[in-house]
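Please read these numbers as outputs of a predicted model, since none were measured by experiment. Sequential numbering from 1 along the given sequence is applied to the chain's residues. Only heavy atoms go into these numbers, but all of them, side chains included; no hydrogens, no water, no symmetry mates.
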Amino acid sequence: MSDPNKDTNKKPTTTRTAEAKAESAAKKATAPASRATRAAADKAGDATSAAKAGAQRSAQAANGAVQTAAKGVEAGRQAVITTSGHVVAGAKTAWTVITHRKLVAAGVGAGITALSAASYAVGRRSGHRAQGPLTRMTGGRI
């Protein structure tokens with residue numbers, strides 16, 4: 001008599017090897033597809049991160065452009081305020097001159113007269129020769 005088959009759960013070796021071969025063939029067949037899928041996923045992730053970084057850079061550039069424009073507008077506003085202040089000051093001065101034109105004319109006339117008299121006196125004084133004390137006392141006779 002022969003031994004009865006005690007291990008009933010054990011698959012026959014031919015079935016096991018065929019199954020292993022089929023599984024190995026399936027892995028070999030799907031390996032390039034899974035690698036391609038992983039590569040595509042990696043590339044998609046890279047593209048996503050590149051797009052996100054590009055969007056952040058463009059947002060920063062736009063924000064910088066807005067800030068630069070705001071600074072330019074503020075500088076322009078300050079320039080207009082300063083210029084208008086100068087114009088107002090000039091207009092006030094001109095109005096003061098116009099309203100007090102008689103006083104201004106009198107002041108200018110007095111200034112010109114004083115300047116002429118001072119230059120005449122300095123000119124006459126510089127044209128004299130130096131005189132001693134006796135000559136000055138006698139009025140130039142000795």
Side-chain angles (χ1 to χ4, degrees), residues 3-142:
D3 272 346
N5 193 359
K6 293 181 184 177
D7 196 9
T8 56
N9 289 334
K10 192 175 184 183
K11 292 185 179 179
T13 54
T14 56
T15 310
R16 227 177 321 141
T17 56
E19 186 178 307
K21 286 181 184 177
E23 192 174 315
S24 173
K27 284 183 183 178
K28 286 180 185 177
T30 58
S34 65
R35 278 192 302 252
T37 304
R38 267 188 254 118
D42 289 344
K43 287 180 182 177
D46 292 344
T48 302
S49 63
K52 186 187 289 186
Q56 287 175 346
R57 274 186 257 127
S58 56
Q60 288 172 350
N63 191 15
V66 167
Q67 288 178 353
T68 302
K71 287 178 185 177
V73 167
E74 180 63 23
R77 189 179 70 81
Q78 289 295 331
V80 167
I81 289 171
T82 303
T83 303
S84 64
H86 290 302
V87 169
V88 168
K92 283 182 182 179
T93 303
W95 186 250
T96 303
V97 169
I98 290 171
T99 56
H100 300 295
R101 64 185 177 275
K102 291 180 184 176
L103 293 174
V104 171
V108 169
I112 290 174
T113 303
L115 184 64
S116 299
S119 66
Y120 179 74
V122 169
R124 284 194 45 94
R125 185 98 178 128
S126 66
H128 284 14
R129 287 189 354 230
Q131 300 173 344
L134 286 175
T135 308
R136 275 184 282 169
M137 265 176 52
T138 59
R141 294 189 187 107
I142 300 178

* Structure fact -> Residues pairing under salt bridge (Lys or Arg N to Asp or Glu O under 4.0 Å) where one sits in residues 109-122, two or more places apart or in two chains, turn out to be none
* Structure fact -> Residue pairs passing the salt bridge (Lys or Arg N to Asp or Glu O under 4.0 Å) test with at least one member in residues 59-71, sequence neighbours excluded, are none
Could you pull out all donor-acceptor pairs under 3.5 Å where a side-chain atom in residues 96-110 meets a protein atom, sequence neighbours excluded?
| residue | atom | partner | partner atom | Å |
| --- | --- | --- | --- | --- |
| T96 | OG1 | K92 | O | 2.8 |
| T99 | OG1 | W95 | O | 3.1 |
| T99 | OG1 | T96 | O | 3.0 |
| R101 | NH1 | I98 | O | 3.1 |

* To do: Can you sort out the partners of T138 under side-chain contact (heavy atoms from CB on, under 4.5 Å), two or more places apart, ordered by chain and number?
  => R141, I142
* **Residues forming a side-chain contact (heavy atoms from CB on, under 4.5 Å) with Q78, sequence neighbours excluded** => E74
* **Exam field: side chain T83 to backbone V80, donor-acceptor pair closer than 3.5 Å** => no
* Structure fact -> Closest non-hydrogen atoms of S119 and S116, given as atom of the first, atom of the second and distance, are OG-O, 2.9 Å
* Residues in side-chain hydrogen bond (donor to acceptor under 3.5 Å, both in side chains) with Q67, at least two apart? -> none
